[in-house]
Amino acid sequence: MMIDPFGRAISYVRVSVTDRCDFRCVYCMAEDMTFLPKKDLLTLEELDRLCSAFVDLGVRKIRLTGGEPLVRRNIMSLVGSLGRHLRSGALDELTVTTNGSQLERFAGELHECGVRRINISLDTLDPARFQAITRWGKYDKVMAGIAAAKTAGLEVKINMVALKGVNEDELDRMVAWCGAEGFDLTLIETMPLGDIDGDRTEQYLPLSLVRAKLERRWSLTDLPDRTGGPARYVRIEETGGRLGFITPLTHNFCESCNRVRVTCTGRMYMCLGQEDEADLCTPLRASEGDDLLRQAILEGIARKPKGHDFVIDRRHKRPAVKRHMSVTGG
Ligand code: SAM
């Protein structure tokens with residue numbers, strides 16, 4: 001078990017397997033993003049070694065994210081090989097965060113590999129709006145992907161970024177739809193990560209307001225559920241569904257943080273909201289054994305900061321953290 005300097009057990013790793021994405025969501029990326037050259041990426045075998053070293057050190061949950069994890073070529077071979085840790089009991093959960101575009105193809109296989117729950121990002125149920133938000137996304141394909149996930153027996157959680165003046169009028173509809181489909185729903189505040197074409201301060205919608213609005217129509221009961229992450233959960237009594245609020249800006253969630261993030265180039269970020277990182281690529285490639293790698297992971301964990309202060313900087317209109325979410329992994 002890895003314990004950081006503030007006594008937090010690190011049991012969860014999120015791995016960004018690619019910085020590339022087939023969407024260009026307006027709050028996440030600029031339209032003309034420059035991605036990493038493919039040669040800089042860890043191979044799938046290296047990613048497997050890296051994830052397995054974390055499992056050896058006591059990590060119980062791995063989430064593959066990105067970019068869009070399911071557009072990385074041959075990604076299912078990584079999911080398949082990591083499945084061995086589920087079967088051996090070393091890992092409790094292997095999961096994926098996806099935009100849904102490739103799920104028609106992969107949902108069944110994900111389930112066969114041992115994945116039981118997935119997060120799917122969906123900010124709107126309106127096809128024209130979907131186009132405007134994702135720029136390149138295909139609404140029908142994503143809806144078919146979501147249906148495929150359900151058919152495959154995957155438990156689905158929908159992630160919706162709450163955007164002022166963009167989708168705030170759809171919250172009731174999304175709650176009702178998720179309830180009817182049997183999906184949990186998590187609402188996310190926009191975080192100031194990476195340059196985008198527009199101005200994030202205009203999109204920022206505090207979830208405290210959202211919650212107050214939802215309470216006019218739905219009965220929300222606070223749940224004690226904690227995942228060690230930034231979400232706080234309520235039960236929607238009318239649908240029986242669970243609703244999460246991720247509020248990095250209005251609520252500090254660091255005291256229970258149980259996670260680190262690794263990029264597709266093998267850099268470990270001990271905090272989403274800070275710049276400090278540990279190079280895991282060099283020790284990974286320096287020898288065939290994993291001793292150096294494990295040592296580098298432990299050294300990084302020993303520097304995990306207490307927390308962060310995201311601020312949307314209204315005066316300078318620049319992101320608090322230069323990395324895009326697609327680099328560190330959402
Ligand atoms: N492509 C996958 C997906 O769409 O879920 C995984 C990566 S994506 C970066 C993960 C999540 O981060 C998505 O739900 C996305 O909406 C969210 N996200 C991206 N940039 C964000 C930002 N600046 N603030 C808040 N959420 C953001």
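This structure is a prediction, so every number in the text was calculated from the model and none was measured. Order of listing sets the numbers, starting from 1, for every ligand and every atom in it.
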| Quick one: do the R63 and T97 side chains pair a donor with an acceptor below 3.5 Å? | yes
| T18 side chain to E68 side chain, donor-acceptor N/O pair below 3.5 angstrom | no
| field | Residues T124 and E170: side-chain donor-acceptor under 3.5 angstrom | value | yes
| task | Run the contact test for M160 against ligand 1 with a 4.0 Å cut-off on heavy atoms, strictly below, and give the result. | result | no
| remark: At under 4.0 Å between heavy atoms, what of I120 touches ligand 1? The answer is neither
| request: Say whether G67 and ligand 1 are in contact under the criterion: heavy-atom distance to a ligand atom below 4.0 Å. | output: yes
| message | Between F183 and K150, does the side chain to side chain contact (heavy atoms under 4.5 Å, CB included) criterion hold? Intermediate values first, please. | response | CA-CA 9 Å; F183 302 154; K150 195 171 164 180; 3.9 Å; yes
| field | Within 45° cone and under 6.0 Å: R242 NZ/CZ vs Y233 ring | value | yes
| remark: Filtering R63, M191, Q203, E68 for the heavy atom nearest atom 2 (C) of ligand 1 leaves E68
| remark: A student checking ligand 1 against T190 at a 4.0 Å heavy-atom cut-off should list atoms 24 (N), 25 (C)
| field | For E189, atoms of ligand 1 separated by under 4.0 Å from a heavy atom | value | 24 (N), 25 (C)
| task | Find all atoms of ligand 1 within a distance of less than 4.0 Å from any non-hydrogen atom belonging to V161, and give their numbers and elements. | result | 16 (O), 26 (N)
| query | Looking only at heavy atoms, is any part of Y27 under 4.0 Å from ligand 1, and if so is it the side chain, the backbone, or both, or is it neither? | reply | both
| task | Check side chain to side chain donor-acceptor pair (under 3.5 Å) between R49 and all other residues, then give those that pass, not counting sequence neighbours. | result | D290
| said: Regarding atom 14 (O) of ligand 1: of the candidates C25, C28, S121, G100, which has the closest heavy atom? | reply: S121
| request: Please confirm whether T65 comes within less than 3.5 Å of ligand 1 when only nitrogen or oxygen atoms on both sides are compared. | output: no
| R72: partners by side chain to side chain donor-acceptor pair (under 3.5 Å), with sequence neighbours left out | none
